[in-house]
Structures are given as structure tokens and as C-alpha cells.
Visitor: 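Let me begin by handing over the structure; questions about it come next.
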Amino acid sequence: MFDLYADFFCIIGGLAILVLAGDALVRGAVVLSLKLGMPAVIISATVIAFGTSAPEMLISMKAALDGAPGIALGNVVGSNIANVFLVLGIPALIAPIAGCGDAAHRNAIIMLVATAVFTVFILQGTIFMWAGIVLLAITAFMIYDSIRCGLAHPEDVDDDELESADPSMAAWKLALLLIIGFIGLPVGAELLIRGAQGVARDSGVSEAVIGLTVVAVGTSLPELATTVSAALRNQADVAIGNVVGSNLFNLTAVIGAAALVHPLAVPPEILYRDIWVMVGASLVLAPFIFFCLTISRPIGAVFVALYVGYIALAYA
């Protein structure tokens, strides 16, 4: 029992370090980019996008190296399920959410294509290096498309993430942020994976289930906190765009990078159950974007109930 508590402590500590280190890395990288004169649209599409996905990427890459593909894949599949049903469901209980516009439609189409490609790779039973290259190519296209559209319509670029960045930050503060980020991310990933493997070993639950639930929810907490905060300020409409972007990066950049490190063998539960739940979540979200429908409070309640049911099914 003591070992189980120690494993959970590793998971909680690892997640806390990942969140803090990821935030420090993003802040430092944004300030450095501004000092170098990089345009806001490129910072948003590259520095911020990759920085906010750095914890998930480090977790999946470390899990792949450690021979724990269930955690690597479960982290992404579970996060994408949680992003739709939990990260959108809970804020919708506070304030209705709507997502519309050309950018939302375009990103949703790319997300559905990436979901289809990812599912085909999952059905092969192993995600090899060549599949990782294909997924990273989709990431590159998404970044190119974001930069192209941002440069064509600079008035549509959301600069909120840059408002707290100080280009005149002292060099030692900038260096400290970057050091915290670069050191903290691998340390946090190591703690989290060690704890997740220990919980799976001590409780008799598969690593895939731990990755799909504990690790996935943990890595989705920053997105959940952001959307809840936005809902409290009646700005919940940004939530759908954040979820679509996060899901896209999870499927393409995170798994693409992990597959380059080591081939990912697909656990049976993900192959036969969880990938289809993830596909279903993406298909459920699509009409709300394409037809500009609102995620009302009752629908938010349904989303949360679906996620609770999924967790119960995962541990059944």
C-alpha cells in the first residue's frame, strides 16, 4: 500500500513539475522570440503551440523509450477524449460555448483528417517511424496554414498569449525561465511515468488504462483550468478552438515525435475500444463547429456524463 501511495505522489509531483516547467518554457520562449523580432502570428503558431504541448510530448517520448507504449498512446487518446467531453463539458455548465468561423472550420477539417490517419496507423497494430514522419508532416502543414492565414489576416490573430510577455525582461530572468523549462520537463516526465508504471503494477490495472485516465486527465488540467476561467469571464467561445488545436498537436506532433524515438505497439484496449471512443468524440464535436451550434448547459451535462461513463468502462 505504501508503494501505491508513493507512486501516486510521483504522478502528482510529476504533473506539477510538468505544468510549472511547461509554463516557464513557453514564457521564456515567447520573450526570446519577441527579442529576436519574430512576428506575433509565427510565435502563436510555433513557439506557443509547441510549448504548450511540450509536457505531453515529453511524456510520450519518455514512455516510448521506457518501453511503455500504453502510457505514450493512452496519454494522447485519453487526452483527446477528455478535451472534448471534460474540457468542453465543464465550462459549458458555466456558460454556453459556441465555435464558428473560417479558421475553426479549417482546423476542424484538418483535425478530422489527422484523426482518420491516426486511426489507420493504430489499426496496423504498431506505429512505426515512417508513420511518425507522416504525422509530423501534417503538423508542418498545420503550422504553415496557420502562418499563411495569420499573415493574410493579421487582424484575426489572437495576441492575448503575448500580452504578459515582456520583451525587455532581464537576460538572467529569461535564462532562468528557459533553464527551468528544459530541466523541469524531463524530470517531471520521468516522475510521472515512473509513478504511472508503479500504479499499474501495484493495482493490477494496465499501463494503457493509467495513461488513458490518470495521465490523460492530468495533462488536460491546464486546458480545463483555462476554459473554466474563460467561461467565468463569459469568454468560453475560445474553448473549442483551443481543444481542436490541442487535439491536433496530440495526434500529429506528440505521437509523431514519440514514434520517431521508438515504434509504438498498440495495446489491445486502445485498439478495440478507446480509439473508437476518441473517433466518436471528434465526430460529436464536428457538427458544433461546422453548423455553428452552441454547446448549451444540458449538452455540457451530457458531455460530462459521457466522460464519467467512459472512465467507469475503462476500469470495469
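We're numbering straight along the sequence, starting at 1. The structure displayed is predicted, hence computed values, not measured ones.
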Visitor: As a quick check of understanding, evaluate side chain to side chain contact (heavy atoms under 4.5 Å, CB included) for Leu112 and Ser282, giving each step before the final call.
Guide: CA-CA 7 Å; Leu112 292 176; Ser282 298; 4.2 Å; yes

Visitor: Hey, does Pro69 have a side-chain heavy atom less than 4.5 Å from the side chain of Val266?
Guide: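 They are not in side-chain contact.
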
Visitor: Examine Leu25 and Ile179 and state if one hydrophobic cluster contains both, with Ile, Leu, Val, Met, Phe, Trp and Tyr joined whenever side-chain heavy atoms are less than 4.5 Å apart.
Guide: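 No: no chain of side-chain contacts under 4.5 Å links Leu25 to Ile179.
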
Visitor: Check the hydrophobic clustering (I, L, V, M, F, W, Y; side-chain heavy atoms under 4.5 Å; chains of links allowed) and say if Ile81 and Leu271 are grouped together.
Guide: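 Yes; Leu271 is reachable from Ile81 via cluster members.
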
Visitor: Could you tell me if the side chain of Arg273 sits less than 4.5 Å from the side chain of Leu212, heavy atoms only?
Guide: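 Counting from C-beta outward, Leu212 and Arg273 do come under 4.5 Å.
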
Visitor: Write down the atom of Ala24, the atom of Ile180, and the distance for their closest heavy-atom approach.
Guide: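 In terms of heavy atoms, the two residues are closest at CB-CG2, 3.9 Å.
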
Visitor: Specify the closest pair of heavy atoms between Phe128 and Pro263, including all atoms of both residues, with the distance to one decimal.
Guide: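 For Phe128 versus Pro263, the nearest heavy atoms are CD2-CB, 4.1 Å.
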
Visitor: Indicate yes or no: at least one non-hydrogen side-chain atom of Phe121 is less than 4.5 angstrom from one of Leu264.
Guide: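 No - every pair of side-chain heavy atoms lies 4.5 Å or more apart.
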
Visitor: Hey, what do you get for OG1 (Thr227) to CG (Leu86), rounding to the nearest 0.5 Å?
Guide: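 So the OG1 of Thr227 and the CG of Leu86 are separated by 8.5 Å.
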
Visitor: CZ of Arg194: more than 12 outside heavy atoms within 6.0 angstrom?
Guide: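 No, CZ of Arg194 has 12 or fewer neighbouring heavy atoms, counting only those of other groups under 6.0 Å.
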
Visitor: Any side-chain to backbone donor/acceptor pair from Lys62 onto Leu192? Under 3.5 Å, distance only.
Guide: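 Between the backbone of Leu192 and the side chain of Lys62 there is no qualifying donor-acceptor contact (under 3.5 Å).
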
Visitor: Cut-off 3.5 Å, no hydrogens considered: what does the side-chain donor-acceptor table look like for residues 289-305, sequence neighbours left out?
Guide:
from   : atom 1 : to    : atom 2 : distance (Å)
Arg297 : NE     : Leu93 : O      : 3.3
Arg297 : NH2    : Ile94 : O      : 2.8

Visitor: Where is the tightest heavy-atom contact between Gly195 and Ile11, given as atom of each residue plus distance?
Guide: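 Smallest interatomic distance, heavy atoms only, reads C-CG1, 3.6 Å.
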
Visitor: Kindly indicate whether the side chain of Pro267, heavy atoms from C-beta on, has any atom under 4.5 Å from the side chain of Leu73.
Guide: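 Yes - at least one pair of side-chain heavy atoms lies under 4.5 Å apart.
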
Visitor: Say you draw a straight line from CZ of Phe288 to CD1 of Ile97; how long is it, rounded to the nearest 0.5 Å?
Guide: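 Between atom CZ of Phe288 and atom CD1 of Ile97 there are 10.0 Å.
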
Visitor: Please say whether more than 12 non-hydrogen atoms of neighbouring residues, nucleotides or ligands are located less than 6.0 Å from OH in Tyr272.
Guide: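 Not buried by this count: 12 neighbours or fewer within 6.0 Å.
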
Visitor: Distance check, rounded to the nearest 0.5 Å: Met129 atom CE versus Leu136 atom CG?
Guide: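 Result: 11.0 Å between the selected atoms.
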
Visitor: Which value, rounded to the nearest 0.5 Å, describes the distance between Leu135 atom CG and Thr139 atom OG1?
Guide: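 Nearest 0.5 Å value for the CG-OG1 distance: 7.0 Å.
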
Visitor: When rounded to the nearest 0.5 angstrom, what is the spacing between CE in Met142 and CD1 in Ile147?
Guide: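 Met142 CE to Ile147 CD1: 10.5 Å, rounded to 0.5 Å.
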
Visitor: For Ala196 and Ile71, work out which heavy atoms get closest and say how close.
Guide: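 Nearest heavy atoms, Ala196 then Ile71: CB-CD1, 3.8 Å.
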
Visitor: Does one hydrophobic cluster hold both Ile17 and Ile59, with members joined at side-chain heavy-atom distances below 4.5 Å?
Guide: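 Different hydrophobic clusters.
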
Visitor: Between Gln124 and Val120, does a side chain to side chain contact (heavy atoms under 4.5 Å, CB included) hold up when you go through it step by step?
Guide: CA-CA 7 Å; Gln124 305 306 307; Val120 169; 4.0 Å; yes

Visitor: Counting C-beta onward and ignoring hydrogens, is there a side-chain heavy-atom pair between Leu174 and Lys35 closer than 4.5 Å?
Guide: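 Sidechains of Lys35 and Leu174: in contact.
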
Visitor: Go through the side-chain N and O atoms of Ser79 and Glu56 and say whether any donor and acceptor fall under 3.5 Å apart.
Guide: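 Judged by distance alone, the side chains do not pair up.
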
Visitor: Under a single-linkage definition using a 4.5 Å side-chain heavy-atom cutoff for Ile, Leu, Val, Met, Phe, Trp and Tyr, are Val243 and Val113 assigned to the same hydrophobic cluster?
Guide: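 Yes, Val243 connects to Val113 through the hydrophobic network.
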
Visitor: Mind checking the CG-CD1 spacing from Leu260 to Ile255? Nearest 0.5 Å is all I need.
Guide: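 The CD1 atom of Ile255 is 11.0 Å from CG of Leu260, to the nearest 0.5 Å.
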
Visitor: Minimum heavy-atom separation for Glu269 to Ala208, with atom names?
Guide: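 Heavy-atom minimum between the residues: OE2-CB, 3.5 Å.
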
Visitor: Tell me whether Ser60 contacts the main-chain N or O of Met57 through its side chain, where contact means a donor paired with an acceptor under 3.5 Å.
Guide: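 No, because the side chain of Ser60 does not come within donor-acceptor range (under 3.5 Å) of the backbone of Met57.
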
Visitor: Within a strict 4.5 Å, meaning less than it, do heavy atoms of the Asp274 and Tyr310 side chains meet?
Guide: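 The answer is yes, as the side chains (C-beta and beyond) meet within the 4.5 Å cut-off.
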
Visitor: Report whether Val31 and Ile183 are members of the same hydrophobic cluster (ILVMFWY, side-chain heavy atoms less than 4.5 Å apart, transitive linking).
Guide: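 Shared cluster, no.
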
Visitor: If you measure only the distance, is there a donor-acceptor pair under 3.5 Å linking the side chains of Thr219 and Asn75?
Guide: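 Looking only at side-chain atoms, Asn75 and Thr219 do form a donor-acceptor pair, the distance falling under 3.5 Å.
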
Visitor: Decide yes or no on side chain to side chain contact (heavy atoms under 4.5 Å, CB included) for Asn83 and Leu88, but give the supporting numbers first.
Guide: CA-CA 7 Å; Asn83 279 348; Leu88 291 180; over 6 Å; no

Visitor: List the steps and the verdict of side chain to side chain contact (heavy atoms under 4.5 Å, CB included) for Ile127 and Phe118.
Guide: CA-CA 9 Å; Ile127 299 180; Phe118 179 76; 4.0 Å; yes

Visitor: Which atom pair, heavy atoms only, marks the closest approach of Val87 to Leu224?
Guide: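 Taking Val87 first and Leu224 second, the nearest heavy atoms are CA-CD1, 3.9 Å.
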
